[in-house]
Amino acid sequence: MLRGTVHALVGENGAGKSTLMKILYGMQRPDEGTITLDGEKADLHTPADAIRLGIGMVHQHFMLADNLTVLENIVLGAEQLHGIGGKARAKIKELSDAYGLGVRPDLLVEDLGVADRQRVEILKVLYRGARTLILDEPTAVLVPQEVEALFANLRELKSEGLTIIFISHKLGEVLSVADAITVIRRGTTVGDADPKSVTVKQLAELMVGSELPSPETRESTVTSEVLLDVKGLKLAAVDAEGIERTVLGDVSLTIHKGEVLGIAGVEGNGQAELVEAIMGMRTPDAGVITLDGADISTAPTRKRREDGIGYIPEDRHRHGLLLEGTLWENRILGHVTEKPNSRGALLDLTAARRDTERIVKEYDVRTPGIEVTAASLSGGNQQKLIVGREMSHLPKLLIAAHPTRGVDVGAQAQIWDQIRQARREGLAVLLISADLDELIGLSDTLRVMYRGHLVADADPATITPEELGSAMTGAASGHLEHTDAEGEDR
Amino acid sequence: MKKFDKDRLILGLAAPVLAIVAAFVLTALVLLATGKEPFHAFNVMFDKGLTSDSQVFILNKATPYYLAGIAVAIGFRMNLFNIGVDGQYRLAAFFAAVVGGAVNLPSVIQIPLIILTAMLVGAMWAGIAGVLKVTRGVSEVITTIMLNAIATAVIGYFMIPGRLAQLHADTNSVSTKEIPSSGHFFGFDMGTDGTIWGFIVIAVLVGVLYWFGLSRTRFGFDLRTVGRSESAAGASGVNVKRMIITSMLLSGAIAGLVGMPVLLNDAHQFSTEFPAGIGFTGIAVALLGRNHPIGIALAALLWGWLEIASSKLEFEDYDKEIVGVMQGIIVLCVVIAYEVVRRYGIKRQQQKVGEELAAQARTKQEAAA
């Protein structure tokens, strides 16, 4: 890698990207091989070594303390650099201005949007004197406009002579921002690519040895039978300052059998709460939820799951897995009352184990066995296990929140196929995603969510990601250009 | 995947063994520092602490320790720290003794009545902490500690002649009315070595039920799920709040049993002499036994043995407090060793999974080539 460049690292899940990055960041020790930094052999034992040598990492999952201010978060753990007072503030201001990050040091992190949090993470790394930045899937959580802003920041950093290692699954983005690309597969480098000459298709083929999948799903399978009907869902929450804030403001939606309803929106606009309300994990202030003709508004989560709601959660570590549990225990999770996991009040461990083996095989979960903990699998393989588990119970309604986040192209295609397949058989899907291509490609109907309201409808056949993106930021709230249908849900 | 299982077993045993070895070494150093000969002390502990009458003593001591350990472990599996086992079992034993002394029924009714009273009182006392946690968000650590103090006060209030206790003029001691012989639990007569309390059978039964309930039932799976991740449990359909209350009630009910071996097999009345502090021993025992029914049994026996050993050491002119030092060191070492071993285990497994996957990929590639 050359100084002052953006070097992209692409590869399938489990290909070894994260492991390579962990080694670079001193979190793991290599068995063999050397790392040379600025002509000198670097010996990295701990992240502290890496930081000392000017290597910084921005993790996929943000590592910020919500209840502290931006300044406090940046200074935390690096108090000896510039203290915690005025000098630190001046340094942050200087860095922020130099790279055009626009960070305001006194805001609480919990009040920041995803893009701002990411900038705080980047600044945190720069504050520690990093000259080489590792960004692990930085665009996964951003809308197109924010991605553009991030890329502008990266170009700024690059022009100041910093080196950026950029990990992403979105090949289009890789091509637009990277100066050099390295493709790895199954732990070895399979090739370098020049972003000026290579196409997305060639890059994908290099990565998986197959064609780039597309989420396109044009033939309609929507029926007239209503499966899920949500009426007048309202939820208010009191925020840190004690001000009551509307989280869900009168949300109504209908999903038919065989229909995929996509919800677009910048994260934090009520999508997570909507999902949790439908799952019964959160009690709304008002509203009626009807599943397949039955009122489930007051049913507990377990009953809703038994009645046929499958759930692919947004945060698989928090809601989808027991990280310290074995794969077969995770296969039981959420379906403990259903076959084959239990008979009556007793668990059926033999059947559960056998069925886990089946899921591992059918869904191509790459693992040496089902007795290992979920934590030892890569993110994509964890997701495949979750998808396999949820689809195994033949849900009527699938709630899929970011089903392919952090998942490589191969697994992505597989998950899309499964959703499409089940949809043909009458599955209704509520799809929430930050990947607009995925939303537009998979959905039969699109709604845009902004500040707790469903502010617009769009036809996925005609809408472009850019148009959707502007509605998501509120710029075009209430009405979308180039849409066949427009709707208000107030 | 046999290899992973074997690894897990070795890792599981590594921590307690390490802790006990470290405890012996450190104790030896303490003895040396006080100018005493450590190896003679260990000799005494092993020789005189394991004679057949000592064995009976150990079993009788271990029975309440085991029950206390299980009561604490139920909480631990839920990520709840029930420090209140101590107050729960004392209050439970007190009221059970009062009820048992007040009536004289056939054994088949008398004994279950006493036991159920104890379980009920223990469950209710622990339940208060559960309800406060769920409704008001108060940490169970705080409430159970305070409930311990309140239990002491409540017992003190009722342990006054004329209230629920009576004065024995001959010994000038205060206790509840003695439970009639129909309320005496059976024992195994060992001749000159003493009697093994029959309540050990109940303790074993509780251990089996604990193992079966946690690892083989839906309820147990739900409980362990909450213990591992409350958020995942909620998303998977477990009513987390109800589970907190249920497990506190269960933990308290088992805690109620802790005083029963002494009450039904030995004392037959609740007096100021009634053993206190077993609830705290239970915490140590549950920690050492890794919340595993057999592990807790071994830990309870170890604790019983250390206790008899301490009294034997006294005869040999050692300070009996040395055993207390040893117990403290074991608990400290255990906590540290578990964390070290746990982290090592996770890291090791991740490496192994990586290696195996790489090996699989290689063979596939070779097969293709």
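Reminder, nothing fancy here: chain letters follow the sequence lines and each chain counts from 1.
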- Message: Quick check on the interface: out of R316(A), E324(A), M279(A), who has the most heavy-atom pairs with chain B under 4.5 Å?
- Response: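 Going by pairs under 4.5 Å, I would pick E324(A).
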- Item | Partner chain B: residue of H317(A), H335(A), R304(A), M281(A) with the largest heavy-atom pair count (under 4.5 Å) |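 Highest number of pairs under 4.5 Å: M281(A).
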Less than 4.5 Å to any heavy atom of chain B: does that hold for the side chain of [X], its backbone, both, or neither?
X	result
S342(A)	side chain
R305(A)	side chain
L322(A)	side chain
I332(A)	both
E329(A)	both
L333(A)	both

- Under 3.5 Å side-chain donor-acceptor pair for N330(A) and Q382(A):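 Looking only at side-chain atoms, Q382(A) and N330(A) do not form any donor-acceptor pair under 3.5 Å.
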- Report, as yes or no, whether the 6.0 Å neighbourhood of atom CZ on R358(A) holds more than 12 heavy atoms from other residues, nucleotides or ligands.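 Buried by this count: over 12 neighbours within 6.0 Å.
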- Message: Within the supplied structure, the quantity of interest is the number of heavy atoms (other residues, nucleotides, ligands) at a distance under 6.0 Å from K241(B) NZ; does it exceed 12?
- Response: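 No - once you tally the heavy atoms of other residues, nucleotides and ligands closer than 6.0 Å, there are 12 at most.
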- If you measure from the Lys or Arg side-chain nitrogens to the Asp or Glu carboxylate oxygens, is any gap between R343(B) and E339(B) under 4.0 Å?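 Yes, R343(B) and E339(B) are salt-bridged.
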- Message: Taking K303(A) first and then D307(A), would you say they form a salt bridge - that is, a charged N and a carboxylate O separated by under 4.0 Å?
- Response: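 Looking at K303(A) and D307(A), the cut-off is met.
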- side-chain hydrogen bond (donor to acceptor under 3.5 Å, both in side chains) between E306(A) and H393(A): does it pass, once the steps are laid out? CA-CA 9 Å; E306(A) 287 168 354; H393(A) 291 278; over 6 Å; no
- Message: Between V240(B) and chain A, with a heavy-atom cut-off of 4.5 Å, which part of the residue counts as in contact: side chain, backbone, both or neither?
- Response: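 Contact with chain A is absent: no heavy atom of V240(B) under 4.5 Å.
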- Pick from V72(B), L67(B), V285(B), L287(B): which one makes a side chain to side chain contact (heavy atoms under 4.5 Å, CB included) with I296(B)?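 Passing option: V285(B).
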